[in-house]
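Worksheet for the structure shown next.
For the numbers below, each heavy atom of this structure counts, side chains included, while hydrogens, waters and symmetry mates do not. Chain letters run A, B, ... following the sequence lines, proteins first, then strands; residues in each count from 1.
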Amino acid sequence: MSLVLYNTLTRQKEPFETLTPGQVKMYCCGVTVYDYSHLGHARCYITWDTVRRYLMWRGYDVHYVQNFTDIDDKILNRAKNDGSSMQTVAETYTQAYFEDMERLNVLEADEYTYATQTLDGIQRLISELEQKGYAYPANGDVYYAVRKFDGYGKLSGRKLEDMLAGAGGRVATDTGIKRDPADFALWKGAKEGEPFWESPWGPGRPGWHIECSAMIRDRLGDSIDIHMGGSDLVFPHHENEIAQSEAATGHPLSRYWMHNGMVNVGGEKMSKSLGNFTTIRQLLGEPEQLIGEGDPTVPMSPMALRLFFLQASYRKPVDFTQGAIVAAQGSWATLNSALLFGSKHGSKLGWSDVKDSDFLNPAAMRIDRESAQVQQFQTAMDQDFNTAGALAVLFELAKELNRAGNLITHAGEADTSSNILRQQWQTLVCLAEVLGLKASPENSTEADGKLSDEQVEAMIEQRQAARAAKNFAESDRLRDELQAQGITLIDKPGGVTEWHR
RNA sequence: GGCGACAUAGCCAAGUGGUAAGGCAGAGGUCUGCAAAACCUCCAUCCCCCGGUUCGAAUCCGGGUGUCGCCUCCA
């Protein structure tokens with residue numbers, strides 16, 4: 001049984017074979033840091049974080065590199081608007097990106113690269129392309145001569161002739177400088193007042209596509225295993241990367257190319273240019289705000305957002321709607337309460353290690369890799385990272401654990417043995433970890449520390465008295481008041497009322 | 001105009017030849033002063049439409065219809 005993944009380059013699923021056995025070199029196209037990240041970015045980096053986590057779980061030694069585009073016209077424009085500098089804008093939104101990703105439980109890359117720190121590599125690569133006849137200077141710019149590269153179009157499956165035929169007037173505008181309208185800039189000469197770097201072609205800044213080619217070469221070598229990014233990058237960005245890198249090195253840039261589907265709103269792609277985007281922090285609330293989950297100003301928890309994306313196939317577009325938020329929140333509540341099973345019921349089940357520091361640490365858990373659940377999980381994930389199929393395993397475990405937990409709470413004991421529950425719980429925690437899902441703290445514990453047990457008991461007594469006097473309005477009022485504090489009452493036969501937070 | 005993707009229950013969604021996973025929501029029952037909680041049970045004769053191949057198709061082939069993406073910055 002082996003891992004199979006969909007390769008955009010060949011348009012089919014292929015068995016995963018690395019260049020070096022047991023090692024994976026992967027590169028992900030990062031963000032251009034000129035604004036807060038939106039849900040499209042969230043999906044992208046959650047997707048590749050999950051792929052990375054799964055490859056690690058499968059035993060691969062993974063080296064994951066991601067870039068920040070911190071030289072770009074949009075950053076420049078933003079700086080002009082804000083009366084700021086390109087560097088300040090870039091640093092602000094790079095920091096914001098890290099904050100957002102941390103909340104979404106996206107692991108940090110092994111290495112981050114920045115265009116501003118790759119100028120040498122970029123210039124070396126452009127020089128090389130120039131020497132080999134793939135690049136030519138013009139008016140202070142340097143362009144890549146697309147027609148010199150035989151494989152141009154192999155990733156996106158298009159022919160130059162087709163593209164130009166249908167593109168209308170859009171590509172014809174700057175033909176005065178370019179030799180061919182499809183040629184793209186490797187280096188852009190600086191205009192008056194723009195930041196610049198010195199180069200053999202005069203002061204200027206790198207084009208967008210060249211930085212990825214240079215960074216990959218610098219950090220990972222001529223060929224890598226997986227290159228990934230949003231499906232909107234297939235053309236021209238990734239196509240151009242291939243043209244640049246392969247013309248220079250003579251080796252395939254990447255063995256596999258993977259692309260995630262877009263996030264849609266009302267059936268249309270979420271994007272900056274359409275203005276229909278929701279930023280991650282708009283949806284989740286500002287990161288510095290510490291708000292209880294019951295607070296209506298926080299409509300979605302980070303893990304629910306992550307789960308929302310994982311419930312769909314990473315390659316298909318997803319529609320982001322209010323209904324989707326609600327459904328994902330509900331789904332997450334189910335998984336979350338099961339993930340908390342150990343902390344909540346472990347001591348009642350006689351687990352002696354509940355207080356150990358590693359009790360909740362999946363890395364310290366020994367689960368049975370041969371168990372039916374783990375095998376089902378792996379079979380799903382091996383099939384091009386079928387996270388939706390994998391989640392079915394988690395939900396089955398979660399439903400059983402929640403049922404057992406409810407029995408413990410309401411009946412005093414579960415009808416499943418402590419050992420089996422422990423195995424199920426640890427399996428759930430470990431598999432959830434592979435998908436980057438981790439328990440959020442119980443919503444009531446912190447927020448409702450105001451009421452002591454004694455106060456609760458006192459109120460229950462008052463309510464019992466009201467009930468005895470058939471003053472149900474008063475008894476219901478007391479129940480509601482307690483419920484508002486996160487305390488649930490359970491009336492049992494015989495006039496006994498139990499409660500839990 | 002060129003290239004490509006998708007169409008499965010109220011909603012989301014897995015499944016690529018062997019008779020429809022899972023989630024959300026919903027319904028009924030037990031219980032209850034009511035409500036809530038809990039537990040039990042139910043929820044696609046069918047996979048956009050029309051043909052074809054096959055013992056057998058949501059799954060393969062042909063033809064439609066619809067939606068979306070890329071071809072300009074984009075995750």
Side-chain angles (χ1 to χ4, degrees), chain A residues 8 11 13 28-32 34 37-48 69 72-74 77 153 156-171 173 182 208 228-237 239 259-264 267-274 277 307-308 310-313 315-319 321 323-335 376 380 383 386-396 398-399 402-403 405-407 409-411 415 467 470 472-473 475-476 479-480 483 488-493 498-500:
Chain A
T8 306
R11 286 151 201 279
K13 289 184 188 174
C28 180
C29 280
V31 285
T32 302
Y34 71 105
S37 299
H38 58 64
L39 298 180
H41 302 113
R43 183 184 198 193
C44 178
Y45 302 110
I46 285 171
T47 296
W48 307 123
T69 299
D72 181 85
D73 290 355
K74 290 191 293 298
N77 290 334
S156 54
R158 57 189 81 201
K159 299 183 179 73
L160 278 167
E161 292 67 31
D162 296 342
M163 293 185 312
L164 300 177
R170 285 188 301 229
V171 290
T173 45
W208 175 39
M228 56 270 188
S231 60
D232 52 353
L233 298 186
V234 173
F235 189 90
H237 185 56
E239 195 71 63
H259 295 94
N260 63 279
M262 299 291 99
V263 176
N264 290 170
E268 279 195 318
K269 177 183 166 185
M270 177 180 288
S271 70
K272 296 275 172 74
S273 46
L274 288 173
F277 63 94
L307 183 59
F308 166 65
L310 292 175
Q311 291 209 68
S313 156
R315 285 196 282 135
K316 289 187 188 177
V318 290
D319 212 26
T321 62
I325 296 176
V326 173
Q329 290 278 46
S331 303
W332 174 241
T334 298
L335 281 185
Q376 191 188 332
Q383 203 43 236
N386 181 354
T387 49
L391 279 169
V393 176
L394 305 215
F395 277 107
E396 273 160 27
K399 294 264 166 162
N402 286 340
R403 185 181 150 278
N406 287 328
L407 286 174
T409 302
H410 295 277
D415 57 1
R467 289 179 78 201
K470 302 243 186 258
F472 295 123
S475 74
D476 288 349
R479 175 200 284 287
D480 292 345
Q483 189 66 61
T488 303
L489 302 186
I490 304 150
D491 291 332
K492 295 221 161 173
E498 291 184 355
W499 65 279
H500 61 88

Quiz prompt | Nearest-neighbour nucleotide for the A/N264 side chain, B/C68, B/A75, B/C24 considered | solution = B/C68
Exercise. Check whether any side-chain heavy atom of A/Y45 sits under 4.5 Å from a side-chain heavy atom of A/C28, and report yes or no.
Key: yes
Self-check item: Among B/C24, B/G33, B/A75, the one nearest A/S331 by side-chain distance
Solution: B/C24
Practice problem: For A/A327 and for A/K272, locate the closest nucleotide of RNA chain B by heavy-atom distance; then report the residue assigned to the nucleotide nearer the 5' terminus. | Solution: A/A327
Quiz prompt | Paired nucleotide for B/U32 [Watson-Crick or G-U wobble; both distances under 3.5 Å] | solution = none
Practice problem: Please list, chain by chain and in numerical order, all residues satisfying salt bridge (charged side-chain N to carboxylate O under 4.0 Å, His left out) with A/R479, sequence neighbours excluded. | Solution: A/D491
Quiz item: What string of B, S and - do you get for nucleotides 34-41 of chain B, 5' to 3', if B is base contact, S is sugar-phosphate-only contact and - is no contact with any protein heavy atom under 4.0 Å?
Solution: BBBSSSS-
Quiz item: Side chain of A/Y45: nearest nucleotide among B/A75, B/C70, B/A21?
Solution: B/A75
Exercise. Check whether any side-chain N or O of A/T334 sits under 4.0 Å from OP1 or OP2 of B/C24, and answer yes or no.
Key: yes
Exercise. Tell me what A/H38 touches on the nucleic acid: a base, only sugar-phosphate, or nothing, going by heavy atoms under 4.0 Å.
Key: base
Quiz prompt | Pairing residues for A/D319 by the salt bridge (charged side-chain N to carboxylate O under 4.0 Å, His left out) criterion, not counting sequence neighbours | solution = none
Quiz item: If you look at every heavy atom in A/L274 and A/K269, which pair is closest and at what distance?
Solution: CD1-O, 3.2 Å
Exercise. Can you figure out which of B/A75, B/C71, B/G4 approaches the side chain of A/R158 most closely?
Key: B/C71
Quiz prompt | Partner nucleotide of B/C55 by Watson-Crick or wobble geometry (both distances under 3.5 Å) | solution = B/G18
Exercise. Go ahead and name the base partner of B/A5; Watson-Crick or wobble counts if both distances stay under 3.5 Å, otherwise write none.
Key: B/U67
Quiz item: Just checking A/V318: base, sugar-phosphate only, or nothing, at a heavy-atom cut-off of under 4.0 Å?
Solution: nothing
Pull out every protein N or O sitting under 3.5 Å from an N or O of nucleotides 14-17 of chain B, one pair per line with the distance.
| unit_1 | atom_1 | unit_2 | atom_2 | d |
| --- | --- | --- | --- | --- |
| B/A14 | OP1 | A/S313 | N | 3.4 |
| B/A14 | OP2 | A/K316 | NZ | 3.2 |
| B/A14 | O3' | A/N386 | ND2 | 2.9 |
| B/A14 | O2' | A/N386 | ND2 | 3.4 |
| B/G15 | OP1 | A/N386 | ND2 | 3.2 |

Exercise. State which residues pass side-chain contact (heavy atoms from CB on, under 4.5 Å) with A/T69; sequence neighbours excluded, sorted by chain then number.
Key: A/T32, A/N67, A/D72, A/W208, A/E211
Exercise. Could you tell me whether the side chain of A/L391 reaches within less than 4.5 Å of the side chain of A/Q311, counting heavy atoms only?
Key: yes
Exercise. First locate atom CG of A/L394, then atom CD of A/Q376, and finally report the distance between them rounded to the nearest 0.5 Å.
Key: 10.0 Å
Quiz item: When we call it a touch if two heavy atoms are under 4.0 Å apart, what does A/G330 touch: a base, just sugar-phosphate, or nothing?
Solution: sugar-phosphate
Self-check item: For B/U45, the Watson-Crick or wobble partner whose two distances fall under 3.5 Å
Solution: none
Practice problem: Looking at every strand, decide which applies to A/T47 at a 4.0 Å heavy-atom threshold: base, sugar-phosphate, or nothing. | Solution: nothing
Quiz prompt | Side-chain donor-acceptor pair present, A/R158, A/S156, cut-off under 3.5 Å | solution = yes
Practice problem: For A/A324, enumerate each residue passing the side-chain contact (heavy atoms from CB on, under 4.5 Å) test, keeping only those at least two apart in sequence or located in another chain. | Solution: A/F308, A/T321
Quiz item: Which of the following nucleotides, B/C73, B/A75, B/A21, is nearest to the side chain of A/A392?
Solution: B/A21
Quiz item: NA contact type, A/R11, heavy-atom cut-off 4.0 Å: base, sugar-phosphate, or nothing?
Solution: sugar-phosphate
Practice problem: Answer yes or no for A/K272 and A/Y34: cation-pi contact, defined as NZ/CZ to six-membered ring centre under 6.0 Å and angle to ring axis within 45°. | Solution: yes
